[in-house]
Chemist: 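I'd like to ask you about the structure that follows.
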Amino acid sequence: QVQLVESGGGLVQAGGSLRLSCAASGRTFSSYAMGWFRQAPGKEREFVAGISRSGGGTYVADSVKGRFTISRDNAKNTMYLQMNSLKPEDTAVYYCAADPYLRGVATRRESYDYWGQGTQVTVSS
């Protein structure tokens, strides 16, 4: 199995930036496709961004395209989500996810076997 720990969440004003990190352990990091999801109060968990095992393939949800960037550093066993131009509607708990079997990227939460504990992002106006 793999263990995932998110960090970097917090309170930020609209228009500001945050960088979330997901540190992984338990298996060779490069063997896992990974992704970010978020869940706002009273809403379903939704896909934000995904990245392939090598980092060569990425996919970002339309709602955050142009503002968020997903990346990974396999040498450091860490995945990142750079969030710029944040909006109040970005407020949510952000979760890191991983799976050893995915080919490419996946947008459904059911496609991922391992999850972090989540980190809160709050964007004020």
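Positions are given from 1 along the sequence. Values reported hereafter were calculated over all heavy atoms of this structure, with side chains retained and with hydrogens, waters and symmetry mates removed.
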Chemist: Rounded to the nearest 0.5 Å, what separates atom CD1 in Ile51 from atom CD1 in Ile70?
Modeler: 5.0 Å

Chemist: Any donor-acceptor pair under 3.5 Å linking the side chain of Thr78 with the backbone of Lys76?
Modeler: yes

Chemist: Do you know which two heavy atoms are closest between Ala92 and Ala40, and how far apart they sit?
Modeler: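 Nearest pair, atom of Ala92 first, then Ala40: CB-N, 3.8 Å.
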
Chemist: For Leu18 and Val121: C-alpha separation, side-chain torsions, deciding distance, then whether side chain to side chain contact (heavy atoms under 4.5 Å, CB included) applies.
Modeler: CA-CA 9 Å; Leu18 286 172; Val121 172; 3.9 Å; yes

Chemist: When you measure from the side chain of Gln39 to the backbone of Val93, do you find a donor-acceptor pair of N or O atoms at a distance under 3.5 Å?
Modeler: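 No.
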
Chemist: Given Lys65 and Asp62, is the salt bridge (charged side-chain N to carboxylate O under 4.0 Å, His left out) satisfied, shown in steps?
Modeler: CA-CA 5 Å; Lys65 188 173 296 183; Asp62 288 342; 3.3 Å; yes

Chemist: Could you grab the distance from atom CE of Met34 to atom CG of Asn74, nearest 0.5 Å is fine?
Modeler: 9.0 Å

Chemist: Quick one: closest heavy-atom pair of Leu4 and Ala24, and the distance?
Modeler: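 Heavy atoms of Leu4 and Ala24 come nearest at CD2-CB, 3.6 Å.
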
Chemist: Short question: side chain of Ser21, backbone of Ser7 - any donor-acceptor pair under 3.5 Å?
Modeler: no

Chemist: When rounded to the nearest 0.5 angstrom, what is the spacing between CZ in Arg67 and OG in Ser85?
Modeler: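 Nearest 0.5 Å value for the CZ-OG distance: 7.0 Å.
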
Chemist: Kindly say whether the aromatic ring centers of Trp36 and Phe47 come within a distance under 6.0 Å.
Modeler: no

Chemist: Drop me the distance from Cys96's SG to Met79's CE, to the nearest 0.5 angstrom.
Modeler: 3.5 Å

Chemist: Are Leu20 and Leu86 linked, directly or through intermediate hydrophobic residues, by side-chain heavy-atom contacts shorter than 4.5 Å (ILVMFWY only)?
Modeler: yes

Chemist: Which atoms form the tightest heavy-atom contact between Pro88 and Ala14, and what is the distance?
Modeler: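 Nearest pair, atom of Pro88 first, then Ala14: CD-CB, 4.1 Å.
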
Chemist: Quick one: does Ser52's side chain have a donor or acceptor within less than 3.5 Å of a partner on Gly57's backbone?
Modeler: yes

Chemist: Please check if any side-chain donor atom of Gln120 sits under 3.5 Å from a side-chain acceptor atom of Thr122, or the reverse.
Modeler: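 Judged by distance alone, the side chains do pair up.
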
Chemist: Short question: side chain of Arg53, backbone of Leu102 - any donor-acceptor pair under 3.5 Å?
Modeler: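 Checking the backbone N and O of Leu102 against the side chain of Arg53, a donor-acceptor pair under 3.5 Å is found.
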
Chemist: Nearest 0.5 Å, please: how far is OH in Tyr112 from OH in Tyr32?
Modeler: 14.0 Å

Chemist: For Phe37, run the ring pair (Phe, Tyr, Trp, His ring centres under 6.0 Å) check against Tyr95, Trp115, Tyr94 and tell me which one passes.
Modeler: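 For Phe37, the ring pair (Phe, Tyr, Trp, His ring centres under 6.0 Å) test succeeds with only one of Tyr95, Trp115, Tyr94, which is Trp115.
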
Chemist: For Leu81 and Phe68, what are the C-alpha separation, side-chain angles and deciding distance, and is it a side chain to side chain contact (heavy atoms under 4.5 Å, CB included)?
Modeler: CA-CA 7 Å; Leu81 184 68; Phe68 291 10; 4.2 Å; yes

Chemist: May I have the step-by-step check of side chain to side chain contact (heavy atoms under 4.5 Å, CB included) for Arg45 and Arg38, ending in yes or no?
Modeler: CA-CA 5 Å; Arg45 192 175 302 181; Arg38 67 186 183 185; over 6 Å; no

Chemist: If I take atom CG from residue Asn77 and atom CZ from residue Arg72, how far apart are they, to the nearest 0.5 angstrom?
Modeler: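 The CZ atom of Arg72 is 9.0 Å from CG of Asn77, to the nearest 0.5 Å.
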
Chemist: Quick check: does any side chain N or O of Asp99 sit under 3.5 Å from a backbone N or O of Asp113, one acting as donor and the other as acceptor?
Modeler: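 Such a contact is found between Asp99 side chain and Asp113 backbone.
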
Chemist: Let me check something: do Val64 and Val105 share a hydrophobic cluster, defined by ILVMFWY side-chain heavy atoms less than 4.5 Å apart, either directly or through other members?
Modeler: no

Chemist: Might you work through the side chain to side chain contact (heavy atoms under 4.5 Å, CB included) test for Val48 and Val60, ending with a clear yes or no?
Modeler: CA-CA 6 Å; Val48 177; Val60 181; 5.7 Å; no

Chemist: Can you establish whether the number of heavy atoms outside Gln117 located under 6.0 Å from its atom CD is more than 12?
Modeler: yes

Chemist: Does a donor on one side chain sit under 3.5 Å from an acceptor on the other, for Asn84 and Ser17?
Modeler: yes

